[in-house]
**Q** 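One structure, as structure tokens, below. Some questions next.
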Amino acid sequence: MDEKKSLELMALLDGTGEPGRREAVEAWLCSEPDAEALRQELSWVRQALREHEPATKVPETREFYWSQIQRRMDQAAPFEPRPEPRRRFGDWLSWLVPVAGVAAVTLLVSLHPWQGGPLNPGLNEATATTYTSEADGVTIHWID
Amino acid sequence: MPSSLKNDYPSSPDEALVGWAQKGDTEAFEELVFRHRDKIYARAMMMMRNEEEAMDLSQEAWVKSWQRLHQFQGDSSFATWMTRIVINLCLDQIRRQKKMRAESIEQIEEEAGGVERQMPVEHVNPIEGLEKEELRKRIDEAMAKLTEAHRTVLVLHEFQGMEYKEIARKVGISIGTVMSRLFYARRRMASLLQGLKRERKI
């Protein structure tokens, strides 16, 4: 039997063969009496293995098996916990928004004129004179 | 972990247990061991065909996973991640053993390929009508009769789901060798399963 075509047939059954070779392999399957039997053999073996993996159980009790693992874990290098993930932009934004809000309120309060009285008591004693000339478009203030 | 939640281990999904274990919770890790120990042991047993080695390597795999748990990102399931670890340990062990022992002429001929050309094609499917457990048992018996090289490629492809390229890289052979070993292994399995059927009839 053609070894190269046999391997190509297997690769096609496994879904990894070259698509361009499908026709050549199919022609071979029709021309060679044993080739179709080989295809069937490879198919049922493949299916049987994939669907019936032998299941072997640990021949020890849970406690004994775990105690042996635990003993090895204690002797091995110390446990390394997973580091906390680095903050992403979204995480930064979640606390940046309230901080920015507080800062804005603080700024507004500091710039707003004090309602409870004059900011500078000394200004009550000052006198101001204003001269305006409409023709010249000029306004002059004198503060004494 | 609050003590009130400790009883939740058995009903918690793997993802939650992994998360707790990554923070150093050994009880969560123990639950993961309990859940997946048979699968990990079975994979090691399939590769090594030796109970003592399978036990040792499966336990080693759990210790390795505990140490590397911080690297687990959840890209695959925890069980898949664990089977990769145990497979790697088995391959390392096989490499070490291979260096130490001379192989038989039969093995060398089989691994070189070409023997399968002399094998007749099995026209009758010997597994038809078999109960699942009986079939599993027969497959296990047949796998034990394969050479290590063929069994390794078969396990990696059929049970571990690896592609030819990935197997070639892992085992350190060419893709062509992977294909010829896999081809031979399947043909030999067909022949062995047919033989087991005949034996049972007698």
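The sequence lines fix the lettering, A, B, ..., with proteins before strands; numbering per chain opens at 1.
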**Q** For B:Q71, which atoms come within 4.5 Å of any heavy atom of chain A: side chain, backbone, both, or neither?
**A**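 Neither part.
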
**Q** Taking every non-hydrogen pair under 4.5 Å, which of B:E30, B:M45, B:Q67, B:M189 racks up the most with chain A?
**A** B:E30

**Q** Please check this pair: side chain of B:D38 against backbone of A:V58, looking for a donor-acceptor N/O pair closer than 3.5 Å.
**A**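 Here the side-chain-to-backbone pair exists.
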
**Q** How long is the gap from OG1 on A:T56 to OH on B:Y41, to the nearest 0.5 Å?
**A** 7.0 Å

**Q** Hey, is the main chain of A:E53 close enough, under 3.5 Å, to the side chain of B:R136 for a donor-acceptor pair?
**A**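 Side chain of B:R136 to backbone of A:E53: a pair is present.
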
**Q** Non-hydrogen atoms of chain B under 4.5 Å away: do they reach the side chain of A:S67, the backbone, both or neither?
**A**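 Contact with chain B is absent: no heavy atom of A:S67 under 4.5 Å.
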
**Q** Need one label for B:A54: side chain, backbone, both or neither, based on atoms under 4.5 Å from any heavy atom in chain A.
**A** neither

**Q** When heavy-atom pairs shorter than 4.5 Å are enumerated against chain A, which of B:K64, B:E60, B:K39 gives the highest number?
**A** B:E60

**Q** Nearest 0.5 Å please: distance from the CE atom of B:M179 over to the CD atom of A:E3.
**A** 10.5 Å

**Q** Is the number of heavy atoms from other residues, nucleotides or ligands within 6.0 Å of CD (B:E52) greater than 12?
**A**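 12 or below, so no.
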
**Q** Nearest 0.5 Å, please: how far is OG1 in A:T16 from NZ in B:K165?
**A**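 If we round to the nearest 0.5 Å, B:K165:NZ and A:T16:OG1 are 10.5 Å apart.
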
**Q** Kindly indicate whether the side chain of B:R37, heavy atoms from C-beta on, has any atom under 4.5 Å from the side chain of A:W66.
**A**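 No - every pair of side-chain heavy atoms lies 4.5 Å or more apart.
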
**Q** Closest heavy-atom contact between B:V63 and A:R72?
**A** CG2-CB, 3.4 Å

**Q** Looking at A:L7 and B:S180, what are the two nearest heavy atoms and their distance?
**A** CD2-CA, 4.1 Å

**Q** Is it true that atom CD of B:E51 has more than 12 heavy atoms of other residues, nucleotides or ligands lying nearer than 6.0 Å?
**A**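 Open.
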
**Q** Using a 4.5 Å cut-off on heavy atoms from C-beta on, say whether the side chain of A:D14 contacts that of B:Y164.
**A**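 They are in contact (side-chain heavy atoms under 4.5 Å apart), so the answer is yes.
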
**Q** Looking only at heavy atoms, what is the nearest atom pair of B:A190 and A:W44, with distance?
**A**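 Answer, listing the atom of B:A190 first, then A:W44: CA-CH2, 3.7 Å.
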
**Q** Measure the CG-CD distance between B:L135 and A:E51 for me, rounded to the nearest 0.5 Å.
**A** 9.0 Å

**Q** Would you tabulate the side-chain donor-acceptor contacts of residues 80-94 of chain B under 3.5 Å, counting partners in other chains and residues two or more places apart, or write 'none'?
**A**
unit_1	atom_1	unit_2	atom_2	d
B:T80	OG1	B:S77	OG	2.8
B:T83	OG1	B:A79	O	3.3
B:T83	OG1	B:T80	O	2.8
B:T83	OG1	B:Q160	NE2	3.1
B:N88	OD1	B:K170	NZ	3.2
B:N88	ND2	B:R84	O	3.4
B:D92	OD1	B:R95	NH1	3.0
B:Q93	OE1	B:R96	NH2	2.8
B:Q93	NE2	B:E53	OE2	3.0

**Q** Which of the residues A:K57, A:R46, A:R62, A:R50 is involved in the greatest number of heavy-atom pairs with chain B at under 4.5 angstrom?
**A**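 That would be A:R62.
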
**Q** Tell me, side chain or backbone of B:L154 under 4.5 Å from chain A's heavy atoms, or both, or neither?
**A** side chain

**Q** Where is the tightest heavy-atom contact between A:L42 and B:F183, given as atom of each residue plus distance?
**A**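 Shortest heavy-atom contact: CD1-CE1, 3.9 Å.
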
**Q** May I have the step-by-step check of side-chain contact (heavy atoms from CB on, under 4.5 Å) for A:V45 and B:R187, ending in yes or no?
**A** CA-CA 8 Å; A:V45 169; B:R187 300 237 37 225; over 6 Å; no

**Q** Nearest heavy-atom pair of B:F159 and A:P54: which atoms, and what distance?
**A**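 Smallest interatomic distance, heavy atoms only, reads CZ-CD, 4.0 Å.
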
**Q** Measure the spacing between OH of A:Y65 and CE of B:M55 and express it to the nearest 0.5 Å.
**A** 6.5 Å

**Q** Once rounded to the nearest 0.5 Å, what's the spacing between atom OG of B:S58 and atom CD of A:Q68?
**A** 9.0 Å

